[in-house]
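What follows is a set of notes on a single structure, which appears directly below.
Excluded from the calculations below are hydrogen atoms, water molecules and symmetry mates; all remaining heavy atoms, backbone and side chain alike, are included. To find a chain, count down the sequence lines: A is the first, B the second, and so on, and within it residues start at 1. None of the values given here were measured: they were computed from a predicted structure.
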There are 2 protein chains.
Amino acid sequence: MLNDEKTQVSNECADCPIRHRAVCARCESDELEQLEEIKYYRNFEAGQTIIWSGDRMDFVGSVVSGIATLTQTMEDGRTQMVGLLLPSDFVGRPGRDGSPYDVVATTDLVMCCFRKRPFEDMMSRTPHIAHRLLEMTLDELDAAREWMLVLGRKTAREKIASLLTIIARRDASLNLRPTHDALVFDLPLTREAMADYLGLTLETVSRQISALKRDGVIELEGKRHVTIPDFSRLLDEAGDDSDGGMLA
Amino acid sequence: MLNDEKTQVSNECADCPIRHRAVCARCESDELEQLEEIKYYRNFEAGQTIIWSGDRMDFVGSVVSGIATLTQTMEDGRTQMVGLLLPSDFVGRPGRDGSPYDVVATTDLVMCCFRKRPFEDMMSRTPHIAHRLLEMTLDELDAAREWMLVLGRKTAREKIASLLTIIARRDASLNLRPTHDALVFDLPLTREAMADYLGLTLETVSRQISALKRDGVIELEGKRHVTIPDFSRLLDEAGDDSDGGMLA
DNA sequence: TCGCGCGCTTGATCTGGGTCAAGGTTGACC
DNA sequence: GGTCAACCTTGACCCAGATCAAGCGCGCGA
């Protein structure tokens with residue numbers, strides 16, 4: 001090929017970890033060059049809205065670093081977060097123009113974007129990209145439905161434990177950290193954002209976190225730095241019946 | 001083609017209303033013949049479980065008549081319905097083997113099925129089928145996320161009104177009934193099933209339905225037959241800011 | 001170094017919806 | 001037409017979590 005170095009980089013997907021790698025790994029080098037051509041980066045500051053509900057989206061992409069949330073708001077101001085985007089998560093709705101909810105960067109954030117039309121064209125020409133997108137959408141659907149159980153039937157304490165479980169899992173899989181040690185991570189969300197995700201108030205979130213700390217389920221250093229001494233204990237608290245592959 | 005009559009039937013899709021028609025309408029006649037070959041029907045009785053959570057699914061398909069629900073259950077018995085399948089809705093997860101939740105027929109039900117492996121083969125060969133599946137999965141994802149707002153942030157009264165809104169809309173679009181009249185339909189769910197969908201108890205569902213009746217938002221004949229004299233009133237009660245295209 | 005604001009914690013009180021309990025309705029089957 | 005079992009309604013009471021309110025602590029800019 002003309003450009004071995006570039007192809008190499010794309011195959012490794014150093015910039016777009018995980019999600020795109022699964023696509024790229026099966027791409028021919030000319031397809032990779034096409035992807036490179038329509039690819040660009042965008043930076044957002046903490047608190048900035050990436051897409052407003054109803055806005056036209058002219059790109060798809062994935063989070064490289066930082067955290068974003070998908071949020072729905074009622075006229076009277078009640079808000080519900082319907083998705084949490086961590087590094088490597090896909091953003092966008094191939095084949096659709098508008099976004100049905102706000103996408104907000106809750107930390108400084110870098111996105112790797114592809115222009116939408118050319119990406120859709122490529123998708124219709126390359127079945128394994130279309131297939132990968134269906135896979136990812138099914139994953140999101142599963143996650144959304146699991147969250148419906150959390151919102152509809154779990155107590156405040158179980159909700160907090162469920163959220164910590166998700167964040168811990170994502171963090172561990174991203175960092176490929178051995179799972180037999182205590183898990184350590186920083187909460188990427190404020191108490192208010194957690195409340196919006198869990199269908200609670202920020203006061204209840206704060207109280208339940210204090211309770212989990214008092215009961216030794218979690219340890220807290222400052223307001224954000226969390227240690228989970230016993231992950232299976234946390235899973236019990238979350239009311240989950242499976243460990244999602246975290247434990248041996 | 002060899003079999004004009006059969007092709008004609010498939011193009012009309014008399015048996016598999018709506019969802020498959022959108023696929024079939026763009027299929028070549030040889031593709032339609034292939035679909036016919038892997039197609040079969042299954043009947044279920046009210047209360048029968050179609051697929052148990054974790055079970056292997058060897059088909060995809062759609063509901064022809066009757067109602068099914070997607071349900072998740074915790075070990076202690078708390079259950080949350082995460083999806084409602086009305087006639088024309090798709091069932092199945094192309095590319096995946098197991099179901100993450102129970103699929104239960106809540107009325108007598110007929111399904112139109114396609115054997116899964118050959119369907120997946122066809123899918124990878126015919127881009128417009130793959131595309132249609134992505135569309136449908138995105139629709140389901142939108143519905144799931146909208147429901148997260150209902151579960152997380154709406155009051156019991158708003159939840160009931162939201163459910164009635166959805167059922168009324170679906171019923172009206174299926175029956176192509178003029179929408180300027182009062183809407184009339186039968187509730188396809190017991191009070192308990194509604195409670196499981198809404199994250200409530202059946203007593204609360206019953207009380208809120210009585211309240212909506214007392215306040216003239218709905219009229220009830222027997223326990224199931226509902227009349228909506230003023231749909232926009234119901235939308236207000238649901239806290240929705242859009243009418244989803246029901247009103248002019 | 002001070003103060004100021006944002007994010008967080010904690011307390012006191014209130015309330016929507018859950019829980020427990022007692023019937024009422026309807027329809028299928030003998 | 002009587003019985004029985006779902007399914008539904010309604011009442012009384014309770015409690016988890018919301019609401020209202022006060023204050024803490026840390027980081028940042030002046």
Side-chain angles (χ1 to χ4, degrees), chain A residues 45-47 67 74 76-80 106-108 150-164 186-215 218-226 237 239, chain B residues 45-48 67 74 76-80 104 106-108 150-164 186-215 218-226 237 239:
Chain A
E45 286 173 20
I67 310 282
M74 294 172 67
D76 61 9
R78 281 177 280 177
T79 70
Q80 175 66 49
T106 57
T107 64
D108 288 349
V150 172
L151 290 173
R153 292 301 184 195
K154 291 195 178 179
T155 64
R157 175 185 262 244
E158 289 170 333
K159 285 178 175 183
I160 299 286
S162 297
L163 179 57
L164 291 175
D186 285 318
L187 284 175
L189 299 172
T190 64
R191 302 290 186 262
E192 186 180 21
M194 288 189 248
D196 283 343
Y197 201 23
L198 296 166
L200 298 170
T201 58
L202 70 91
E203 292 95 331
T204 298
V205 169
S206 181
R207 273 188 254 271
Q208 295 300 332
I209 287 179
S210 298
L212 288 173
K213 181 180 166 188
R214 171 174 41 72
D215 299 344
I218 64 173
E219 288 156 24
L220 260 186
E221 197 178 325
K223 290 150 194 315
R224 299 293 192 92
H225 195 73
V226 178
E237 293 286 350
Chain B
E45 287 174 19
Q48 200 175 347
I67 311 282
M74 294 172 67
D76 61 8
R78 281 177 281 176
T79 70
Q80 175 66 48
V104 183
T106 56
T107 63
D108 288 348
V150 172
L151 290 174
R153 292 301 184 195
K154 291 196 178 177
T155 64
R157 175 184 262 242
E158 288 170 332
K159 285 178 174 183
I160 299 286
S162 297
L163 180 56
L164 292 174
D186 285 319
L187 285 174
L189 299 172
T190 64
R191 301 288 186 264
E192 186 180 21
M194 288 189 247
D196 283 343
Y197 201 22
L198 297 167
L200 298 170
T201 59
L202 70 89
E203 293 95 330
T204 298
V205 169
S206 182
R207 273 188 256 271
Q208 295 300 333
I209 287 179
S210 298
L212 288 173
K213 181 181 167 188
R214 171 173 43 72
D215 299 344
I218 63 173
E219 288 155 24
L220 261 187
E221 197 178 326
K223 292 152 194 312
R224 299 293 192 92
H225 195 74
V226 178
E237 293 285 350

Indicate whether OP1 or OP2 belonging to dT10(C) is found under 4.0 Å from a side-chain N or O atom of Ser210(A).
yes

Hey, is the side chain of Thr155(A) poking within less than 4.0 Å of OP1 or OP2 on dA16(D), counting only N and O atoms?
no

Over all heavy atoms of both residues, which pair between Pro188(A) and Thr107(A) is shortest? Give the atoms and the distance, please.
O-CG2, 4.3 Å

Nearest listed nucleotide, side chain of Glu203(B), among dG18(C), dC20(C), dT9(D)
dC20(C)

Does some side-chain heavy atom of Gln208(A) sit less than 4.5 Å from a side-chain heavy atom of Leu198(A)?
no

Using only side-chain N and O atoms of Thr204(B), determine if any of them is under 4.0 Å from OP1 or OP2 of dG17(C).
no

At 4.0 Å (heavy atoms only), tell me whether Leu202(A) reaches a base, stays on the sugar-phosphate, or touches nothing.
base

Would you indicate which nucleotide in dG17(D), dG17(C), dT19(C) comes nearest to any side-chain atom of Gln208(A)?
dG17(D)

Ignoring hydrogens, what is the shortest heavy-atom contact between Gln80(B) and Arg153(A)? Give both atom names and the distance.
OE1-CG, 3.6 Å

Under 4.0 Å, heavy atoms only, any strand: does Thr190(A) hit a base, just the sugar-phosphate, or nothing?
sugar-phosphate

Counting side-chain heavy atoms from C-beta on, which of dT19(C), dT25(C), dT10(D) comes nearest to Lys223(B)?
dT25(C)

If I take atom CZ in residue Arg191(A) and atom P in nucleotide dG7(C), what distance separates them, rounded to the nearest angstrom?
12 Å

Considering every strand and a 4.0 Å limit on heavy-atom distances, what is the contact class for Gly199(B): base, sugar-phosphate, or nothing?
sugar-phosphate

5′-ward residue of the pair Arg153(A)/Val205(A) relative to DNA chain C:
Val205(A)

Looking only at heavy atoms, the pair that brings Arg78(A) and Thr155(B) closest together is NH1-N, 4.1 Å

Base dC8(D) to side chain Glu192(B), donor-acceptor N/O within 3.5 Å cut-off:
no

Taking only side-chain N and O atoms of Arg157(B), does any of them lie within less than 4.0 angstrom of OP1 or OP2 on dG16(C)?
no

Examine the base of dG11(C) for any acceptor or donor lying under 3.5 Å from a partner atom in the side chain of Arg207(A), and report the outcome as yes or no.
yes

